[in-house]
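Worksheet: one structure, shown below.
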Amino acid sequence: MYSNMVTLQTLDTVFYEAQRQGRISFYVTSIGEEAINIASAAALTSDDIVFPQYREPGVLLWRGFTLQEFANQCFGNKADYGKGRQMPIHYGSNKLNYFTVSSTIATQIPHAVGAAYSLKMDKKDACAVTYFGDGGTSEGDFHAAMNFAAVTESPVIFICRNNGWAISTPTSDQFRSDGIAVRGQAYGVRSIRVDGNDALAMYSAVRSARQMAVNEHRPILIEAVTYRVGHHSTSDDSTKYRPADEIEWWRMARDPVTRFRKWIEINGWWGSEAESQLRSSIRSQLLHAIQIAERAEKPPVNDLFTDVYDNIPSNLREQEKLLKETINRHPKDYPADVPI
Ligand SMILES: Cc1ncc(C[n+]2csc(CCOP(=O)(O)OP(=O)(O)O)c2C)c(N)n1
Ligand SMILES: [K+]
């Protein structure tokens with residue numbers, strides 16, 4: 001669990017730098033939420049179906065998505081499963097039971113309940129797991145999903161990362177309830193609040209939630225209290241709306257990775273030599289993956305028009321024709337490495 005938390009941290013640092021260098025168009029970090037990502041993933045089984053928001057790439061990492069696969073998606077090259085049609089960080093893996101990230105807030109929550117209901121009808125030994133932020137609970141989709149899960153008694157785990165901020169909106173401007181756990185209780189869903197920066201607490205909560213969901217056929221809500229240490233995304237400057245000392249306190253005093261490291265060190269399982277070896281090894285693996293992803297061929301322009309319709313409708317054909325004509329007229333304005 002610790003090496004995965006460090007890998008996630010390093011992935012964030014390296015990809016964030018790549019965005020600042022203009023090599024990728026966008027990025028979102030999970031800094032401060034590494035324990036929620038990795039400890040929850042460790043407590044599930046690979047048959048459990050994940051419906052993520054966008055701040056849980058650690059779950060995918062835990063399941064075996066490679067650093068090269070992360071890089072291919074962010075660089076939108078030919079090896080990206082989304083064929084470069086999504087913004088960076090919209091990962092997905094059919095093989096790893098991880099639905100593709102959708103930026104439209106909270107849409108994944110009712111999807112998870114539907115999948116859980118279907119797992120129950122098929123008598124599968126698995127549950128659905130969905131992640132969202134506190135902001136997600138301000139959407140109607142959250143409320144519809146909670147109620148649907150409660151009445152259908154579906155095996156679904158709702159993991160809310162209550163990180164204090166929905167971009168620039170603090171939780172105090174979103175709701176006056178005592179956090180999120182009471183909202184689950186209001187719908188008749190067994191709910192618990194955990195310290196999301198404590199990897200062991202997170203692991204234990206998700207482990208028990210999974211047992212209850214699968215064995216007793218019931219939804220469970222976990223409110224993981226945490227803090228979004230990074231900016232919302234690379235399109236945001238959070239110092240414009242929150243005090244720097246608040247960010248600093250969470251970064252220094254409450255960092256989930258440092259807390260877990262202290263625990264494994266006290267147990268004699270880790271030391272500074274292993275730490276520096278791990279960090280430099282992951283960093284170099286990542287830089288290598290980025291180099292490969294950056295040099296790889298881009299998907300052809302044609303791919304923009306495929307995979308939605310079996311027979312491409314005439315309006316899309318027309319758009320395709322117009323796009324190609326435009327590219328031919330202004331070749332200098334289009335990247336030379338994108339096959340037409
Ligand atoms: C339906 C919808 N409304 C608004 C947005 C714009 N938006 C993107 S992220 C975000 C904040 C989400 O906050 P939260 O769910 O708490 O997750 P966090 O970013 O804190 O992890 C908003 C409002 C969106 N993507 N989709
Ligand atoms: K949030």
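FYI, the numbering just counts along the sequence from 1. One-based numbering, in listed order, for ligands and for the atoms of each.
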For ligand 1, which is the ligand I care about here, please tell me if [X] has any N or O atom under 3.5 Å from one of the ligand's N or O atoms.
| X | value |
| --- | --- |
| Gly136 | yes |
| Tyr54 | yes |
| Arg55 | yes |
| Ile167 | no |

Run the numbers for me: atoms of ligand 1, each under 4.0 Å from some heavy atom of [X], listed by number.
| X | value |
| --- | --- |
| Trp165 | 16 (O), 20 (O) |
| Thr104 | 26 (N) |
| His232 | 9 (S), 19 (O) |
| Asn163 | 18 (P), 20 (O), 21 (O) |

Got a salt bridge between [X] and [Y], using NZ or NE/NH1/NH2 to carboxylate O under 4.0 Å?
| X | Y | answer |
| --- | --- | --- |
| Asp178 | Arg193 | yes |
| Glu275 | Arg261 | yes |
| Asp237 | Arg242 | no |
| Lys83 | Glu297 | no |

Any non-hydrogen atom of Glu33 lying under 4.0 Å from ligand 1?
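Checking ligand 1 against Glu33, which is what was asked, there is no heavy-atom contact under 4.0 Å.
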With a heavy-atom distance limit of 4.0 Å, tell me whether Phe132 approaches ligand 1 through its side chain, its backbone, both, or neither.
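Within the 4.0 Å criterion, Phe132 makes no contact with ligand 1.
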How does Ser103 reach ligand 1, by side chain, by backbone, by both or by neither, if only non-hydrogen atoms under 4.0 Å count?
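Just the backbone.
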Checking Tyr241 against Asp236: is there a side-chain donor and acceptor pair closer than 3.5 Å?
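There is such a pair (donor and acceptor under 3.5 Å, judged by atom type) between the side chains of Asp236 and Tyr241.
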Could you grab the distance from atom CD1 of Ile109 to atom CE of Met146, nearest 0.5 Å is fine?
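Going from the CD1 atom of Ile109 to the CE atom of Met146 covers 8.5 Å.
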What orientation do Trp263 and Trp269 show, parallel under 30°, tilted 30 to 60°, or perpendicular over 60°?
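Perpendicular: the ring planes of Trp263 and Trp269 meet at over 60°.
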